[in-house]
Amino acid sequence: MDFFGDFPEMGRQDLRELKKGIDLAFREFSRANGDSIEAFFEPLMFFMVGLEKLLIATPWPVMIMIFAALAWLGARSIWVVLGTVVSFLLIGWLGMWEDTMATVAIISVATIVCIGVGIPLGIFMSRSDRLQTAITPILDIMQTIPSFVYLIPIIMLLGIGKVPGLLAVCIYALPPIVRLTNLGIRLVDKEVLEAADAFGASARQKLFDVQIPLALPNIFAGVNQTIMMALAMVVIASMIGVKGLGVPVLRAISNQYLALGLMNGLAIVALAIIFDRVSQAYGQRLQKHRQGGHGV
Amino acid sequence: MSNIKVSIKNLYKIFGNNGKAMVQHVENGCSKTELLAKHKHVLGLSNVNIDIPARKIQVIMGLSGSGKSTLIRHLNRLIEPTSGEVLVDGENVLGMSDDELREFRRSKMSMVFQKFALLPHRTVMDNVCYGLKIKKLPLAEQQERAQRWIDRVGLTGFEANYPAQLSGGMQQRVGLARALATDAEILLMDEAFSALDPLIRNDMQDILLDLQEELHKTIIFITHDLDEALRIGDNIVILRDGAVIQKGSPQEIVLDPADDYVRDFIKDINRARVLDVCAVMEEGSATSDLQFAHDTILEEALPLMSDAGLTDATVMRDGAAIGMVTLADMIGGIARPKGHGQTETTYR
């Protein structure tokens, strides 16, 4: 009866040994390799620090003009541009300019890293079913595991600072772009691929002339999702030393400053909406050729 | 024979995990249904042997599932055969390395697809350039050659349009121009006009016949439409369940169908458009002065004779009389043969 009443756990002693063993092993690993891993990420760190300094040092009217120009290039809509300008003016007026620039810097770097890693990974994944079966569960883990859990090994390995923060953001934000690149390439019309084969296209010519261009709308949806996920990680990243809008939010939580939390939270929302509208409108313009009709 | 351009020899295609082992069963007379029921393999092609002459239009015809699209994809090896040979100019396509195969596809054989298969993100000009771009020709030459073919298929002025902005017929003209632009000697057309509505299909057939008069390419044309086959084919092969049922000129097929399947196919066609006066000619000399060239089709000969109020005429070849036809002969030729095409069997 005892067997059904209490779960047959492994011994307490054994369990403690197991946990201790894992902890020790990882500590050993990070002691041995921490420096070299840190050195590996150093260029990224310089880039991130440089970008942040540049964004903050540039006079605010110039920055707002740059944002407005980017919004116009992406969305081609006067309303999106107007919304962008008003949002940034409000953010500055409410004293959040520097934090916002720091956040824009880390989001930009995180997005670039995710695109750089995610698109090639998605392409490889689309070419082999075996690779897809291997990578999909890893992506599932990256998206569902609570961020605090992977913050622990990252901190043990790299300490507190910008690079571990960036890493945490990327772990969370990478999966959508990998998934959607893979999906987009797999969804490319088989007939068009067959035509490319029939005309003697090499694998490389097929990839760059047919598969990537036709997958672009999906790939772009992935970029958009990646940006959104990165923004969602801003507060958690600030727990391990990333500057930006997350820091005041954290302070507001621990001190129950309602207004401070609300303002900075809304600033994050504003950034999210701007990035989303601009990148979505751009993605839609990429598909212009799909419009039918004989309006010649 | 030197004028055989493409030669298909003992070609088998069996879909399934262990196709090679199944060839033996098929050789021993196992049918498509038996093979599927007993061995869980699908018979795609069964011992196909076709010699395709150079500079002619070879039609391969059959209903859906007869293996015609599978067959055409063996010619440029988009599908690997289970066993057999495909010789193009005496060279075995199946023995080519990947590089050789790519080169072969780039220069020797081009293809037009049923659903056009154009690049939706490229303009008409870029689509027509596609085969030349793959061959890495200089851009100026690409565009010059593409422009020539765009003009030739009647799409001048649409160079900057995207495929989605064109009608089906126009899209297939782009497909045709794209295939012709590579100057390949062999043109594969996989149900190229089947997706178009009848009037446009007629237009496209005219364009193709026009072009062929000038270019004399070896065209291998797949269709399920017998009227189309009879209209454009110099030779026709009829496939059923992956096997060749009959080979011959349109006239031979209409006059002498190999079995009920073919008979069923031809029962509704316009025989006057296929048969020529030779087919119904008899010996002797005519009482009238009316003369027909030996390849005059009945559709043209009949009104000439009735307009002249005559009942017979002399058939001429190279300036010499080779026989005569009577009105009754011609009308008899057009009439559907008795007992033919009356079967209850349906194949659809």
Side-chain angles (χ1 to χ4, degrees), chain A residues 74 76 119 122-123 126-130 180-181 183-223 280-296, chain B residues 69 72-73 75-79 98-124 126-127 129-136 155 157-168 170-171 175 178-179 181-182 184 187-188 190 195:
Chain A
R76 296 284 155 89
I119 291 182
I123 290 171
S126 70
R127 311 207 129 191
S128 138
D129 285 339
R130 202 173 289 177
L180 281 158
T181 302
L183 180 76
I185 290 181
R186 280 171 187 269
L187 284 181
V188 167
D189 190 354
K190 297 280 172 296
E191 302 233 345
V192 180
L193 274 182
E194 195 179 42
D197 273 330
F199 281 92
S202 62
R204 198 187 157 78
Q205 285 171 324
K206 264 193 292 183
L207 182 67
F208 287 105
D209 285 345
V210 181
Q211 291 174 305
I212 291 182
L214 290 187
L216 217 52
N218 271 316
I219 295 177
F220 215 79
V223 173
Q280 264 195 25
Y282 182 71
Q284 264 162 20
R285 279 202 298 123
L286 285 180
Q287 307 186 56
K288 224 176 167 188
H289 59 79
R290 278 168 201 253
Q291 280 165 14
H294 306 294
V296 182
Chain B
S69 288
I72 204 175
R73 280 168 176 71
L75 300 180
N76 58 359
R77 230 171 107 191
L78 287 174
I79 298 180
D98 284 358
D99 283 342
E100 286 168 336
L101 182 63
R102 262 199 298 278
E103 196 43 49
F104 169 79
R105 287 170 174 170
R106 285 175 191 184
S107 55
K108 262 258 164 89
M109 218 179 239
S110 59
M111 194 162 177
V112 183
F113 295 84
Q114 180 175 10
K115 290 179 191 147
F116 323 135
L118 302 175
L119 300 173
H121 60 294
R122 298 273 185 79
T123 60
V124 168
D126 289 344
N127 265 292
C129 283
Y130 185 63
L132 307 172
K133 189 181 170 199
I134 287 174
K135 286 167 96 167
K136 296 179 181 142
L155 284 176
F158 292 95
E159 292 85 354
N161 284 99
Y162 288 101
Q165 297 169 321
L166 303 180
S167 68
M170 288 162 94
Q171 289 189 40
R178 174 175 72 174
T182 62
L187 191 59
L188 306 179
D190 179 24

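A note on names: the letters A, B, ... follow the listed sequences, proteins ahead of strands, and every chain is numbered from 1. Small disclaimer: the values here were computed from a predicted structure and weren't measured.
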Exercise for the section: Name the member of B:Phe116, B:Phe104, B:Phe113 that forms the most heavy-atom pairs with chain A at distances under 4.5 Å. Expected result: B:Phe113
Handout entry: salt bridge (Lys or Arg N to Asp or Glu O under 4.0 Å) assessment of A:Asp197 paired with A:Lys190
Key = CA-CA 10 Å; A:Asp197 273 330; A:Lys190 297 280 172 296; over 6 Å; no
Problem - Candidate pair B:Met170 and B:Val124, rule side-chain contact (heavy atoms from CB on, under 4.5 Å), full reasoning - result: CA-CA 10 Å; B:Met170 288 162 94; B:Val124 168; over 6 Å; no
Handout entry: Check: B:Glu159 side chain, B:Gly157 main-chain N or O, donor-acceptor pair, under 3.5 Å
Key = yes
Practice task
Evaluate side-chain contact (heavy atoms from CB on, under 4.5 Å) for B:Leu119 paired with B:Asp126, printing each intermediate quantity in order.
Solution key: CA-CA 9 Å; B:Leu119 300 173; B:Asp126 289 344; over 6 Å; no
Practice task
Identify which part of B:Lys135 has an atom lying under 4.5 Å from any heavy atom of chain A, answering side chain, backbone, both or neither.
Solution key: neither
Problem - Option in B:Leu78, B:Thr182, B:Asn76, B:Leu188 with maximal non-hydrogen atom pairs under 4.5 Å from chain A - result: B:Leu78
Practice task
Tell me, for A:Asp189 versus chain B, whether the close heavy atoms (under 4.5 Å) come from the side chain, the backbone, both or neither.
Solution key: neither
Fill in the blank from the handout: Counting heavy-atom pairs under 4.5 Å with chain A, the top scorer among B:Gln114, B:Arg122, B:Arg77 is B:Arg122
Fill in the blank from the handout: Whatever's closer than 4.5 Å to a heavy atom in chain A on B:Lys136 counts as side chain
Practice task
Begin with the C-alpha distance, continue with both residues' side-chain angles, and end with the deciding distance and a verdict on side-chain contact (heavy atoms from CB on, under 4.5 Å) for A:Gln205 and B:Arg102.
Solution key: CA-CA 12 Å; A:Gln205 285 171 324; B:Arg102 262 199 298 278; 5.6 Å; no
